[in-house]
Amino acid sequence: MAMTLRLTDEQTEVLRRRAEKEGRSMQQIVVAAVEEYLARHTADEEVHRLGVEAVRRWKPVLDRLAQ
């Protein structure tokens, strides 16, 4: 599925200069940024899920220790 990304003129110019400096296309940079964003947030969600599971698993023990 395709999408249209709308940037300000300033954002476009900065991105164009960065792409030129790195020898990559603007699309390559944007795709890499989206992939990094998704990977970071997916990892955050996984850490949260594991934390919730750990609390559920160890809650009875923690409650006994708290007494």
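The structure displayed is predicted, hence computed values, not measured ones.
- With E13 as the partner, the side-chain contact (heavy atoms from CB on, under 4.5 Å) test is satisfied by one option alone out of Q11, E10, R16: R16.
- For the atom pair CD (E22) and CD1 (I29), the distance works out to 4.5 Å, reported to the nearest 0.5 Å.
- Between R24 and the options Q28, E20, K21, a side-chain contact (heavy atoms from CB on, under 4.5 Å) holds for only Q28.
- By the criterion of side-chain heavy atoms lying less than 4.5 angstrom apart, applied directly or through intervening Ile, Leu, Val, Met, Phe, Trp or Tyr residues, W58 is grouped together with L65 in one hydrophobic cluster.
- A heavy-atom distance below 4.5 Å is not found between the side chains of Q27 and V30.
- With values rounded to the nearest 0.5 angstrom, L15 atom CG is found 10.5 Å from T8 atom OG1.
- Closest heavy-atom contact between S25 and A19: C-CB, 3.8 Å.
- If you chain together hydrophobic residues whose side chains sit under 4.5 Å apart, V14 and M26 never meet in one group.
- Counted within 6.0 Å of CG on D63, heavy atoms from surrounding residues, nucleotides or ligands total more than 12; the atom is thus considered enclosed.
- Of the charged side-chain nitrogens involved, none lies within less than 4.0 Å of a carboxylate oxygen, so that E53 and R57 do not count as a salt-bridged pair.
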